Peer 1: 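Starting off with a structure, shown below.
Just so you know, these numbers use all the heavy atoms, side chains as well, and skip hydrogens, waters and symmetry mates. Keep in mind that this is a model prediction, so the values were computed, not measured. Naming convention: chains lettered A, B, ... in sequence-line order (proteins, then strands); numbering from 1 in each chain.
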Amino acid sequence: MQTQIDPTPIPIEDEYLFGWNPTPGIVSVWAHRDGRALIWRRVNGTVVRSAEHYIPWLLATSLQDVKYLGDALQPHDEHASHKVVLRYRKLNGPASSYKYLLYARESRLLEKTILEGAGHRLRRPLNMINELGDAYYRVGPVEQYLMSSGKVYFRGMTYQDLHRLQFDLETTALDPHRGRIFLVAIRDNHGFERVLEAATPEEEAHLIYELCALIRERDPDVIENHNLFGFDLPFLEHRATVHRVPLEIGRTGGPMVMESYQETLAVGPEARKRKRFSVVGRELIDTMDAVRRHDFVVRDIPSYGLKEVAKYFRIASPQRVYIEGSDIFETYQKNPNLVRRYAMDDVTEVDGLSQRLLGAPFALAGMAPRRYERLASAGPAMGILEPILVRSYLRRDAAPPYQAAQQSAEDGLHEGGAVHLFASGIAEQVVKADVASLYPSLMRTFRIGPSCDRLGIFLNILGRLTDLRLEHKEMALQNKRHSIESNHHAATQAAMKILINAAYGYMGAGKMALFADGKAAGEVTRRGRAILNSILDALRQRGMALIEADTDGVYFAVPRGWSAAQEKELVNSIASELPAGIRLEYEGRYRAMLSHEVKNYALLTYDNRLLVHGVALRSSRAEPFGDRFLRKALHCAMVGDVVGVRNLYLETVSDLRNRRLPASELATRVKLSKKPETYMEARNSHQEPAYEALLGAGRTHWEVGERVRFYRTRKGYVWLPDETEEAPIVTDWREQADGKVAPQTKTSLVTYQDIANRRDYDVEHYVQVLRNSYAARLSKAFSKEAFEQLFRAEQQPSLFDVDPPIESIEPLWIRHN
DNA sequence: GCTCTGTGGTG
DNA sequence: GATGACACAGAGC
C-alpha cells in the first residue's frame with residue numbers, strides 16, 4: 001500500500017517548481033525519438049505500463065533554416081494537412097531569444113529538415129544539430145516528454161514505495177581483461193537475498209545469465225550499487241560480451257538490452273568521460289554519485305569508498321565482514337562462506353546508503369523534468385535548475401533568452417569569494433562560524449537575478465524554494481524521527497537546498513547557460529566579500545585569533561577555557577550586526593587545528609577524531625606506512641605531544657632500517673597510460689618505474705588503465721600483483737634422469753602474498769620518503785630549527801650539542817595577542 | 001616554471 | 001541519450 005503524502009493538487013504558483021500534470025506514481029519513462037513514450041507507473045503496489053505519444057520538439061532562434069519548406073511549414077493551429085512536415089509555435093519574447101518552438105511527428109525528421117536548410121544556407125553538408133552551435137536548443141526525448149506534459153516522476157510516492165534492488169560483483173581482478181566474476185550478491189528492499197556463484201571460469205556465463213533472469217523476475221524499479229557505473233556495469237558488460245550473453249535486464253515491453261553511450265560527467269570531481277548505461281523501464285543508481293554530491297557540501301568524507309562511507313554514516317554493522325580487495329578471491333577459495341557474507345554486507349550497506357542519501361534526488365525527480373537516474377548524478381545548475389526554468393518559460397508560452405547575442409554573460413568576468421589565511425601553526429579551542437547559504441541569501445535579499453529573465457521566474461523559484469525548504473525542515477523536526485513523514489520532509493528540504501545552492505553557480509556558468517548573467521554573479525560575490533569582511537572585523541575587535549576564512553565561513557581561536565555557550569554567544573552577537581536576511585551560524589568547535597595552507601588543515605574534534613582537509617596534508621603517493629605515520633604524527637602535534645612526534649618518527653625509521661615492515665606497506669600504485677609498444681619505444685631514453693616493475697616480472701603485455709603496485713629495491717622496481725592468478729597448478733614437463741619426459745605438477749611459485757611480505761626494499765630511499773613527503777607536511781607546525789631537530793634521520797646528538805632537549809620544544813602556537 | 005592531463009572508485 | 005559544482009599532483013614542455 002502506498003503512502004500518500006500531500007494528495008492536494010499543485011497550486012498555480014508551484015507549477016514552475018513541480019510541473020502541473022498530477023499523474024501519480026511514475027517510476028520510469030522511456031521515450032523514443034519517433035514520438036513513442038513508455039511510462040511505468042506504480043499503482044497500489046503493482047507496476048503498470050502505458051504506451052503514449054508525445055510530439056518531438058526543439059527551440060529555434062529563427063525560422064531561416066526551415067523557411068524553404070514553404071507550405072510544409074505551418075503555425076501550430078493552421079491547416080490540418082498531411083503535407084505539413086514541420087509546425088511551429090511563436091513564443092513571446094524579444095528579438096534575441098528562442099522564439100520558435102519547432103515540432104514534427106518525429107525527432108529525426110525535425111532535425112533532418114533543419115540540417116538540410118542550414119546546409120543550403122551555409123553551403124556545406126551538416127550532420128548534427130550541434131554543428132549549428134546554440135542557434136537551437138534541444139533536450140533529450142524523455143525531457144521533451146516531461147517538459148511538454150508537465151509530468152514528473154514519483155508524484156504522491158514516498159521513497160519507501162520504490163522497489164530497489166542492489167547487486168554487487170565479486171571478481172578475481174579489477175580489470176575484466178585480467179579477471180572474471182566469481183560471485184554476485186543480490187538483495188532488494190522487499191526482503192529478497194541471494195548469492196550466485198561461479199566456482200570455475202566455465203560457470204561465469206551461466207552466472208551472468210542467472211543474474212539477468214533474477215533481475216527480470218524481481219522486477220525492481222531501481223538498480224543500485226556503489227560505483228555501479230565505474231565498475232560493476234562495465235565489468236559485467238565486458239564479461240557478457242566475452243561469453244556472448246545478452247544483458248537483458250530491462251523491463252519487458254522495451255528493448256531489454258542494456259544500452260551504453262559516452263557521456264562526460266563534469267559534476268565536480270567527476271569531470272571526465274565515463275560510460276553511461278541505461279536500461280528500459282528501470283533507473284540505475286550509483287550511490288557514489290550521491291556520496292560525492294553530499295561531500296560537495298560538507299567536504300568531510302575521508303574517502304568515497306563504500307566501507308569508509310558506511311562507517312562515516314554509521315550504517316556499518318558491527319558484524320560486518322572486511323576483506324582486503326586483493327585477498328577476496330583467495331579467501332573465497334579457502335572460506336567461501338566468509339566471502340558470501342562479505343558480499344551480502346556490501347549490498348546491505350549500499351541499501352543503507354541509498355536510504356540515507358537518495359531521498360534528495362528522489363525529491364528532485366518530483367520537481368525537475370528529467371529521469372530520476374539522471375537527477376541523481378546531474379549537475380544541479382545546468383542539469384536540474386535549467387530544465388526547470390525552461391519548462392516554466394514554455395508553460396508561459398515565453399521564449400527563453402538567447403545568450404550568444406547578448407554580451408552580459410561574458411563581460412561579467414568577476415572575482416570570486418574571498419580566501420584568507422591569517423595564521424599557520426597549531427591553534428587550540430577553534431570555532432567555525434559561517435553564513436548559511438550566503439550567496440542565495442544575498443540574491444534573494446537584494447533581488448539579484450539574471451537580467452535576461454524577463455518573467456522573474458529565477459528569483460520567484462529561489463524565493464519559493466527558500467520558503468518551502470524552511471517549512472519542510474520544520475515538518476521534518478515535528479514528525480517522529482526516522483518516520484516516513486520525517487524522512488520525506490528531510491529529503492525534500494535537502495533537495496531544495498541543492499537547488500538553492502545551485503542558483504548562484506548557474507548565473508555565473510558562462511554563456512552556455514541560457515539564463516546566465518556574469519554581472520549579476522559578480523555583484524553577488526562583491527556583496528559576499530563585504531559581508532565576510534564585516535564578520536572578520538567584528539571578530540578582530542573582540543580579540544579573537546583569526547586562522548582562515550573562505551567565502552562564507554571563518555575558523556578562529558577563542559581564549560582558552562571558553563565554554564561552548566560563550567562561543568555561541570559571541571557568534572550570535574556578531575550575527576545580530578549583519579544585514580537582515582543574512583544569517584551567521586555557529587557551526588562547530590574543535591579541540592585543535594593545524595593550519596597548513598589555505599584550505600589545507602587538520603582538525604581534532606573534542607571526541608578525538610582527526611579530520612584532514614586539503615590534499616597538502618594527505619599523502620599523494622599513498623605508501624601505506626607513510627599515511628599511517630602522518631595521521632599519528634598530526635594527532636600528536638595537535639595535542640602538543642612533541643616527544644610523541646619524535647618517538648613516532650624514530651620508530652618508523654627503525655622499522656624501516658630493521659625491515660620490520662612488509663613490502664606491501666611501502667608500495668605505491670600508479671595507473672598505466674602507455675601501451676606496451678609505446679613504452680618500449682621510449683624506454684631507452686626515459687624509463688618509468690611502473691613499467692620497469694612489470695617488465696622485471698616478465699610481463700610484456702598490459703592494458704592502458706591497469707593499476708600497478710610496486711616498490712623499490714636497490715636493484716630496481718618490483719611488481720606487487722594485486723590479484724591471485726587463477727588455476728595455480730602448472731604442469732611442468734621435465735626430463736627425468738632416465739631420459740623419459742614426465743609431467744610434474746606443482747603449485748605456482750609465488751602468490752602475491754609472498755611478494756607482499758618481502759623485505760628487500762631500498763631502506764634509505766624510504767627513509768627519505770618518510771622525511772621528505774610525510775614529515776614535511778608537519779613543517780608548518782614547528783619552527784625551522786625545531787623541525788630539523790625533530791626529523792633528523794639519526795638519533796645522534798648534533799655536533800655541537802647546542803640543541804635544546806626535545807621535551808622543551810613547543811609547536812608553533814596560534815595564540816591571541 | 002608553466003600548462004595540460006589525470007584523479008577520485010571498484011575486486 | 002552530454003556537461004557546464006573541485007582541487008590538486010605529476011607529466012610534459
Peer 1: Expressed as a whole number of angstroms, how long is the span from A:Arg777:CZ to C:dA9:P?
Peer 2: 8 Å
Peer 1: Between A:Glu623 and A:Thr668, is there a side-chain donor-acceptor contact under 3.5 Å, judged purely by atom types and distance?
Peer 2: no
Peer 1: Just N and O in the side chain of A:Asn600: are any of them under 4.0 Å from OP1 or OP2 of C:dC8?
Peer 2: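 Checking C:dC8 against A:Asn600, a side-chain N or O does come within under 4.0 Å of OP1 or OP2.
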Peer 1: Can you pull every protein N or O that's under 3.5 Å from an N or O on nucleotides 1-4 of chain B?
Peer 2:
none

Peer 1: With the side chain of A:Leu306 defined as its heavy atoms from C-beta on, choose the nearest nucleotide among B:dT10, B:dG11, C:dG4.
Peer 2: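 Minimum distance to the A:Leu306 side chain belongs to B:dT10.
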Peer 1: Measure from the side-chain heavy atoms of A:Asn227 and tell me the nearest of B:dT10, C:dT3, C:dG4.
Peer 2: B:dT10
Peer 1: Can you sort out the partners of A:Asp453 under side chain to side chain donor-acceptor pair (under 3.5 Å), two or more places apart, ordered by chain and number?
Peer 2: A:Tyr393
Peer 1: Suppose we screen for side chain to side chain donor-acceptor pair (under 3.5 Å). Which residues come up paired with A:Arg391, at least two apart in sequence or across chains?
Peer 2: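 Per chain and number, A:Arg391 pairs via side chain to side chain donor-acceptor pair (under 3.5 Å) with no residue.
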Peer 1: Can you identify which nucleotide, out of C:dT3, B:dG9, B:dG11, has its nearest atom closest to the A:Tyr304 side chain?
Peer 2: B:dG9
Peer 1: Report the distance from atom CZ of A:Phe277 to atom P of C:dA2, rounded to the nearest whole Å.
Peer 2: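 From A:Phe277 CZ to C:dA2 P: 16 Å.
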Peer 1: Look at the side chain of A:Arg374 and decide which nucleotide, out of B:dG9, B:dT10, C:dA2, has an atom nearest to it.
Peer 2: C:dA2
Peer 1: Check ring pair (Phe, Tyr, Trp, His ring centres under 6.0 Å) between A:Tyr691 and all other residues, then give those that pass, not counting sequence neighbours.
Peer 2: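 Here the qualifying residues are A:Tyr679, A:Trp702.
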Peer 1: Output the single nucleotide from C:dA5, B:dG9, C:dA2 whose closest atom is nearest the side chain of A:Pro380.
Peer 2: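 So the side chain of A:Pro380 is nearest to C:dA5.
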Peer 1: Once you apply a heavy-atom cut-off of 4.0 Å, does A:Arg371 come out as touching a base, just sugar-phosphate, or nothing?
Peer 2: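 The residue A:Arg371 makes base contact.
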Peer 1: Within less than 4.0 Å of OP1 or OP2 of B:dG11, is there a side-chain N or O belonging to A:Lys307?
Peer 2: yes
Peer 1: Looking at A:Thr171, I'd like to know whether one of its side-chain N or O atoms comes within less than 4.0 Å of OP1 or OP2 on B:dT10.
Peer 2: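 It does not, given that no N or O in the side chain of A:Thr171 lies less than 4.0 Å from OP1 or OP2 of B:dT10.
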Peer 1: Is it the case that A:Tyr136 and A:Glu111 place a side-chain donor and acceptor less than 3.5 Å from each other?
Peer 2: no
Peer 1: Distance between the P atoms of B:dT10 and C:dC8, in whole angstroms?
Peer 2: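 These two P atoms come out 23 Å apart once rounded.
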Peer 1: Base, sugar-phosphate, or nothing: which does A:Ile181 touch, judged by heavy atoms less than 4.0 Å apart?
Peer 2: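 No contact.
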Peer 1: Counting side-chain heavy atoms from C-beta on, which of C:dA5, B:dT10, B:dG11 comes nearest to A:Arg293?
Peer 2: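 Selected nucleotide: C:dA5.
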Peer 1: For A:Tyr774, is the NZ or CZ atom of A:Arg777 found under 6.0 angstrom from the centre of its six-membered ring and inside 45 degrees of the ring axis?
Peer 2: yes
Peer 1: To the nearest Å, how far apart are A:Asp289 CG and C:dA5 C1'?
Peer 2: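 Value for this atom pair: 13 Å.
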Peer 1: Measure CZ/A:Arg292 against C1'/B:dT10 and give the value in whole Å, please.
Peer 2: 12 Å
Peer 1: Within the 4.0 Å heavy-atom criterion, would you say A:Gly305 contacts the bases, only the backbone, or no part of the nucleic acid?
Peer 2: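 A:Gly305: backbone/sugar contact only, no base atoms under 4.0 Å.
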Peer 1: Nearest-Å distance, CG (A:Leu228) to P (B:dG11)?
Peer 2: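 About 12 Å, once rounded to whole Å.
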Peer 1: Can you sort out the partners of A:Asp346 under salt bridge (Lys or Arg N to Asp or Glu O under 4.0 Å), two or more places apart, ordered by chain and number?
Peer 2: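 So A:Asp346 forms a salt bridge (Lys or Arg N to Asp or Glu O under 4.0 Å) with A:Lys307, A:Arg320.
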Peer 1: Please give, in whole Å, the distance from C:dA2 C1' to A:Ile384 CD1?
Peer 2: 14 Å
Peer 1: Name all residues meeting the salt bridge (Lys or Arg N to Asp or Glu O under 4.0 Å) criterion together with A:Glu386; count only those two or more places apart in sequence or in a different chain, and write none if there are none.
Peer 2: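 For A:Glu386 there are no salt bridge (Lys or Arg N to Asp or Glu O under 4.0 Å) partners, ignoring immediate neighbours.
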Peer 1: Is A:Arg709 near enough to B:dG11 that one of its side-chain N or O atoms lies under 4.0 angstrom from OP1 or OP2?
Peer 2: no
Peer 1: Send over the distance from A:Leu375 CG to C:dT3 P, rounded to a whole Å.
Peer 2: 11 Å
Peer 1: CD of A:Glu204 versus C1' of B:dG11: gap in Å, rounded?
Peer 2: 13 Å
